[in-house]
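Read the structure below first, then the notes.
All heavy atoms count here, side chains included; hydrogens, waters and symmetry mates do not. Just follow the structure's listing: the first ligand is 1, and inside any ligand the first atom is 1. Only a predicted model underlies this, so the values are computations on that prediction, with no experimental measurement involved.
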Amino acid sequence: MTQMALIISRTAIDARVKELGEEITADYQDKRLVVVGALNGAFVFMADLIRVINLPLEVDFVRVSSYGDETYSSGEVRLSKDVELDLIGRDVLIVEDIVDTGHTLVRLKDYFAGRNAASVSVCTFISKRERREIDLAVDYVGFEVARGFLVGYGLDCAEQYRNLPEVYHLKKV
Ligand code: IMP
Ligand code: MG
């Protein structure tokens with residue numbers, strides 16, 4: 001059986017996303033912003049985030065998946081959908097749902113670094129340091145969460161729970 005405990009409320013999400021939007025708006029004045037979401041998890045967060053960035057921007061998506069079980073990233077990250085916009089000279093902001101071990105993000109950053117973008121930064125909804133294996137810089141972090149497996153607001157467990165509007169800690173009991 002599983003149990004769910006609310007850890008980030010809708011009010012907290014709304015307030016924090018608005019702050020991130022303001023920060024990104026200030027940082028990307030006079031830049032050529034492309035927001036690239038990592039599917040599937042980032043789509044809910046990204047939909048809210050782009051609506052509080054007060055700048056001209058374009059959006060695109062990549063799809064990444066890592067082999068492994070449902071709750072742990074194996075380190076072998078596969079890119080199964082590429083961006084379609086031309087990124088040369090663009091300021092790329094990668095949007096992730098959650099950074100856990102760091103493998104997915106390293107793979108994405110390397111990938112975009114090879115595409116001649118003017119800059120590559122990262123915005124993650126959640127940063128979870130519990131299982132971090134690669135120490136990497138994340139430019140914008142919505143929430144730091146110490147541990148646990150989280151679902152809701154785009155985050156899944158075996159593709160379930162993405163539609164929940166708030167974030168829950170999923171516990172096997
Ligand atoms: P990393 O490569 O270990 O950093 O894993 C990142 C990916 O693993 C995220 O984009 C999520 O898809 C998934 N993930 C890691 N932790 C969680 C979690 O607590 N809930 C749901 N998905 C997670
Ligand atoms: Mg996932």
Side-chain angles (χ1 to χ4, degrees), residues 1-10 12-14 16-17 20 24 34-50 59-84 87 92-115 117 120-173:
M1 227 186 67
T2 53
Q3 233 176 32
M4 300 210 305
L6 179 70
I7 62 153
I8 311 174
S9 72
R10 191 64 236 184
I13 293 171
D14 287 346
R16 185 66 189 122
V17 170
L20 288 172
I24 292 164
V34 181
V35 182
V36 178
L39 293 171
N40 290 340
F43 81 105
V44 177
F45 172 49
M46 180 158 148
D48 284 344
L49 184 67
I50 59 167
V59 299
D60 208 337
F61 294 93
V62 287
R63 175 145 190 189
V64 284
S65 44
S66 68
Y67 297 106
D69 68 21
E70 285 154 19
T71 60
Y72 190 71
S73 155
S74 64
E76 220 185 299
V77 181
R78 193 166 51 106
L79 200 100
S80 60
K81 186 224 169 291
D82 202 350
V83 283
E84 279 154 51
L87 300 181
V92 175
L93 180 65
I94 303 170
V95 177
E96 259 280 29
D97 54 353
I98 181 164
V99 179
D100 186 18
T101 62
H103 288 294
T104 306
L105 204 53
V106 160
R107 173 83 170 80
L108 282 175
K109 281 187 101 169
D110 284 353
Y111 180 74
F112 288 111
R115 299 287 294 258
V120 181
S121 300
V122 180
C123 176
T124 188
F125 175 55
I126 289 172
S127 172
K128 198 168 72 176
R129 301 208 138 263
E130 184 187 12
R131 295 192 287 210
R132 191 66 49 92
E133 287 169 12
I134 301 164
D135 199 28
L136 75 176
V138 181
D139 307 272
Y140 306 94
V141 176
F143 295 92
E144 295 271 359
V145 174
R147 64 184 62 81
F149 195 79
L150 313 176
V151 294
Y153 198 65
L155 294 161
D156 73 306
C157 180
E159 297 304 325
Q160 292 290 314
Y161 309 110
R162 291 196 200 274
N163 56 320
L164 300 178
E166 308 185 295
V167 179
Y168 294 84
H169 181 191
L170 192 71
K171 284 182 254 188
K172 291 211 165 78
V173 287

Flag for Arg115-Tyr111: side-chain donor and acceptor within less than 3.5 Å: yes

Short N or O distance, Val99 and ligand 1, threshold 3.5 Å exclusive: no

Which atoms of ligand 1 are found less than 4.0 Å from any heavy atom of [X]?
X	answer
Gly148	19 (O)
Glu96	10 (O)
Gly102	1 (P), 3 (O), 4 (O)
Asp156	21 (C), 22 (N)

Arg131 contact mode with ligand 1 (heavy-atom cut-off under 4.0 Å): neither

Part of Thr104 within contact of ligand 1 (heavy atoms, under 4.0 Å): both

If you measure from each heavy atom of [X] to ligand 1, is any distance below 4.0 Å?
X	result
Val151	no
Ala38	no
Lys128	yes
Leu105	no

Side chain to side chain contact (heavy atoms under 4.5 Å, CB included) between Val122 and Lys109, worked out: CA-CA 8 Å; Val122 180; Lys109 281 187 101 169; 4.0 Å; yes

Please work out which of [options] has its closest non-hydrogen atom nearest to [atom].
atom	options	answer
atom 21 (C) of ligand 1	Leu150, Thr124, Ile134	Leu150
atom 9 (C) of ligand 1	Thr101, Asn40, Ile98, Asp100	Ile98
atom 17 (C) of ligand 1	Phe125, Tyr161, Phe149	Phe149

Atom pair [atom1]/[atom2] of [X] and [Y] - distance to nearest 0.5 Å:
X	Y	atom1	atom2	value
Arg129	Asp100	CZ	CG	11.0 Å
Asp139	Leu20	CG	CG	11.5 Å
Lys128	Ile98	NZ	CD1	4.5 Å

Heavy atoms from other residues, nucleotides or ligands near CD of Gln160 exceed 12 (cutoff 6.0 Å): no

Worked check of ring pair (Phe, Tyr, Trp, His ring centres under 6.0 Å) between Tyr168 and Tyr161: CA-CA 9 Å; Tyr168 294 84; Tyr161 309 110; 8.7 Å; no

Tyr140: partners by side-chain hydrogen bond (donor to acceptor under 3.5 Å, both in side chains), with sequence neighbours left out: Asp27

Tyr153: which of Asp97, Asp48, Asn163 passes side-chain hydrogen bond (donor to acceptor under 3.5 Å, both in side chains): Asp48

